[in-house]
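Below is one structure; the comments refer to it alone.
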Number of protein chains: 2
Amino acid sequence: MPLQPVTRRSVPDEVFDQVLGEVVDGQLGAGEALPSERRLAEVLGVSRPAVREALQRMAATRLVEVRHGGATTVRDFKRSAGLDLLPRLLVRRGKLDASVARSVLEARLAIGPAVAALAAARGGPALAAALTETLDRLAGTDDDVERQVHALEFWDRVVDAADSLVFRLMFNSLRAAYEPALVALAPLMAEEVGQVDAYRVLTAALGAGDPETARAAADRVLRPATESLLGALAALAAVPSTHPEERP
Amino acid sequence: MPLQPVTRRSVPDEVFDQVLGEVVDGQLGAGEALPSERRLAEVLGVSRPAVREALQRMAATRLVEVRHGGATTVRDFKRSAGLDLLPRLLVRRGKLDASVARSVLEARLAIGPAVAALAAARGGPALAAALTETLDRLAGTDDDVERQVHALEFWDRVVDAADSLVFRLMFNSLRAAYEPALVALAPLMAEEVGQVDAYRVLTAALGAGDPETARAAADRVLRPATESLLGALAALAAVPSTHPEERP
DNA sequence: GAGGTCAAGTGGTAAGACCAGTGGAGATGT
DNA sequence: ACATCTCCACTGGTCTTACCACTTGACCTC
């Protein structure tokens, strides 16, 4: 084993993860009350401030509702949580959630072309130059992971050029969900990042400043891998693998 | 004054808002170091745990980076923060940020039709019935604010039918940004929520289960108000209003 | 001057106390 | 017997204090 760096998880982090797990796995349903802070601290063997910090983060993520004097109750996270929760839902207990992955792919396919259209309208020639530079680096390597990184940088620049804060923040959230699994997913995405030609066509369209051409070009970049992966996920769902339902 | 309910802001909330303000307003640039927790506690006249809780929330939002033993530094929030930060950026010091509002409108116009297309493919006839019910309520009132609420519920159901966690969470985030300003924005959106016919056409398309028809219908619902508001924002930007740059 | 050492300062954690709301059990009144 | 009121136990909110763990950089040594 190549001496991987030690993971230093803080106590509140640990508590947060545990409670979050109980909530997203449904062991604590919406409306249910959590144990009191003191009780949680006792059960988990940590101090109350540690528990408190974790619960406050849960509240900030809109997963629970704390009421002064009353009990802290679980909320329906699917109706209240924001996109920042995505990384926690995409990979759970170390496994990728197929239905979440599907929705990520769908969202990517819907948003990418829209962002490209905006970027084409606002980018200018400097954008094309920067993108070409990134693409040259992408074309210059055979390593799937490296290609992923360069492709991410490509889209990063496109999002920048789109000059839209909302899309920028969405991209950040999606990226935060994707990056932890980047290495594992690199083989699956190899098909996409290998299509350097499609990226070059997109770059040209962005440089030319025509939104609709850019939108179509972005679609051509994203659609093939999206559809093949969606097909694979559907096939996976059709053969329901063993559903252990184990809990630690 | 109609005896508005008292706002009970907790101490950590207050600290969080203050530090967040310094960061998003640029008074604390990316890379700069924050004062130590003890020093902040002293300056703000609160206890260290209170400061700590606020800083941990800042870290969870990826606005700062805390290092054990080292200083806490400010990150470039535009590159690291997630969509959950949007509410804090859309309205700053009680004022709507025009460029952020523009990007919200653009994103809404891009995403709404995509969600409608997914919902059409997956909704079924039950969806159309639920939507019709909501629309009847929308048509039954003349109050702009009430109409907004019903329109939000309409889209809420469409998003549900799309059965996509990512779009669901995006919707939650956008809604969290929009709702605080709903009353103020209701007059501006009156044009859109008054178009009950367009909503009915969209509902029919969703019930029919044809994604492309639904996509086009959703576009027709969203585009008119979007374009007129974008135009208004552009005109506003062209006449740069007094730029007080005041700080409290 | 390059290197190692150590102390000061930082964030991390714990314990304990008290304040401030909430809600239900019990006392009180009818 | 019922409705109402009162009060207290329990909840989260805040502060104080202390100590541990880590980083940094100044200083000392070679």
Side-chain angles (χ1 to χ4, degrees), chain A residues 3-20 22-23 28-75 77 80, chain B residues 3-20 22-23 28-75 77 80:
Chain A
L3 277 188
Q4 60 186 3
V6 299
T7 59
R8 236 193 319 268
R9 299 172 53 71
S10 79
V11 173
D13 277 359
E14 190 71 41
V15 175
F16 178 79
D17 274 2
Q18 283 205 34
V19 181
L20 179 116
E22 299 263 315
V23 171
L28 276 171
E32 276 187 65
L34 260 57
S36 74
E37 294 181 355
R38 292 169 232 268
R39 178 130 191 72
L40 264 180
E42 189 186 350
V43 170
L44 300 175
V46 299
S47 70
R48 180 144 90 100
V51 170
R52 206 181 147 62
E53 215 173 280
L55 290 186
Q56 288 299 325
R57 277 178 56 189
M58 294 281 293
T61 321
R62 295 201 292 280
L63 291 164
V64 303
E65 184 175 358
V66 311
R67 280 192 312 276
H68 188 173
T72 296
T73 55
V74 177
R75 306 182 60 173
F77 70 92
S80 57
Chain B
L3 276 187
Q4 60 187 6
V6 297
T7 59
R8 237 193 319 268
R9 299 171 54 70
S10 78
V11 173
D13 277 0
E14 188 72 40
V15 175
F16 178 79
D17 274 3
Q18 283 204 35
V19 181
L20 179 118
E22 299 263 314
V23 170
L28 277 171
E32 275 186 67
L34 260 58
S36 75
E37 294 182 353
R38 294 167 229 269
R39 177 129 190 74
L40 264 179
E42 188 188 350
V43 170
L44 299 174
V46 300
S47 70
R48 179 145 92 101
V51 170
R52 205 179 147 63
E53 214 172 282
L55 290 187
Q56 288 300 325
R57 277 178 56 189
M58 295 282 291
T61 321
R62 295 201 292 280
L63 290 163
V64 302
E65 184 175 358
V66 311
R67 280 192 312 273
H68 188 173
T72 297
T73 55
V74 178
R75 304 182 62 173
F77 70 90
S80 57

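Chain naming here is simple, since letters A, B, ... match the order of the sequence lines and numbering starts at 1 in each.
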(request) By nearest nucleotide on DNA chain C, pick out whichever of A:G70 and B:V66 is the more 5' one. (result) B:V66
(message) What's the separation between atom CD in A:E65 and atom OG1 in A:T73, rounded to the nearest 0.5 Å?
(response) 5.0 Å
(request) Report the distance from atom CG of A:L55 to atom P of D:dT14, rounded to the nearest whole Å. (result) 14 Å
(message) So if I take every side-chain heavy atom of A:R48 and compare against D:dC15, D:dG12, C:dG11, which nucleotide ends up nearest?
(response) D:dG12
(request) For B:P49, report the nucleic acid contact type (base, sugar-phosphate, nothing); a contact means any heavy atom under 4.0 Å. (result) base
(message) How many whole angstroms separate atom CD of A:E42 from atom P of D:dT11?
(response) 11 Å
(message) Measuring to OP1 and OP2 of D:dG12, would you say a side-chain N or O of A:Q56 lies under 4.0 angstrom away?
(response) no
(message) Between C1' on D:dT14 and CG on B:L44, what's the gap in Å once rounded to a whole number?
(response) 15 Å
(request) Please report, rounded to the nearest Å, how far the C1' atom of D:dC10 is from the CD atom of A:E37. (result) 12 Å
(request) Confirm from the modelled atom types if B:H68 and C:dG11 form a donor-acceptor pair under 3.5 Å, side chain to base only. (result) yes
(request) In whole angstrom, give the distance that lies between atom CZ of B:R38 and atom C1' of D:dT16. (result) 13 Å
(request) Please test B:M58 against B:F16 for side chain to side chain contact (heavy atoms under 4.5 Å, CB included), starting from the C-alpha separation and ending with a verdict. (result) CA-CA 7 Å; B:M58 295 282 291; B:F16 178 79; 3.6 Å; yes
(message) If I compare all heavy atoms of A:V51 with all of A:V15, which pair ends up nearest, and what's the gap?
(response) CA-CG1, 4.4 Å
(message) Rounded at 0.5 Å granularity, tell me how far CD in B:E53 sits from OG in B:S10.
(response) 7.0 Å
(message) Assess whether a salt bridge exists between B:R57 and B:D17, defined as any Lys/Arg side-chain N lying under 4.0 Å from an Asp/Glu carboxylate O.
(response) no
(request) Answer yes or no: does a side-chain N or O of B:T72 lie under 4.0 Å from OP1 or OP2 of C:dT10? (result) no
(request) Tell me which of B:L34 and A:S47 sits closer to the 5' end of DNA chain C, going by the nucleotide each one is nearest to. (result) B:L34
(message) What is the separation between atom CD on B:E53 and atom P on D:dG12, rounded to the nearest whole Å?
(response) 13 Å
(message) If I take atom CZ in residue A:R39 and atom C1' in nucleotide D:dA9, what distance separates them, rounded to the nearest angstrom?
(response) 17 Å
(request) Ignoring backbone atoms, test whether A:R52 places a side-chain nitrogen or oxygen under 4.0 Å from the OP1 or OP2 oxygen of D:dG12. (result) no
(message) Could you tell me how far apart B:R67 (CZ) and D:dA21 (C1') are, to the nearest whole angstrom?
(response) 16 Å
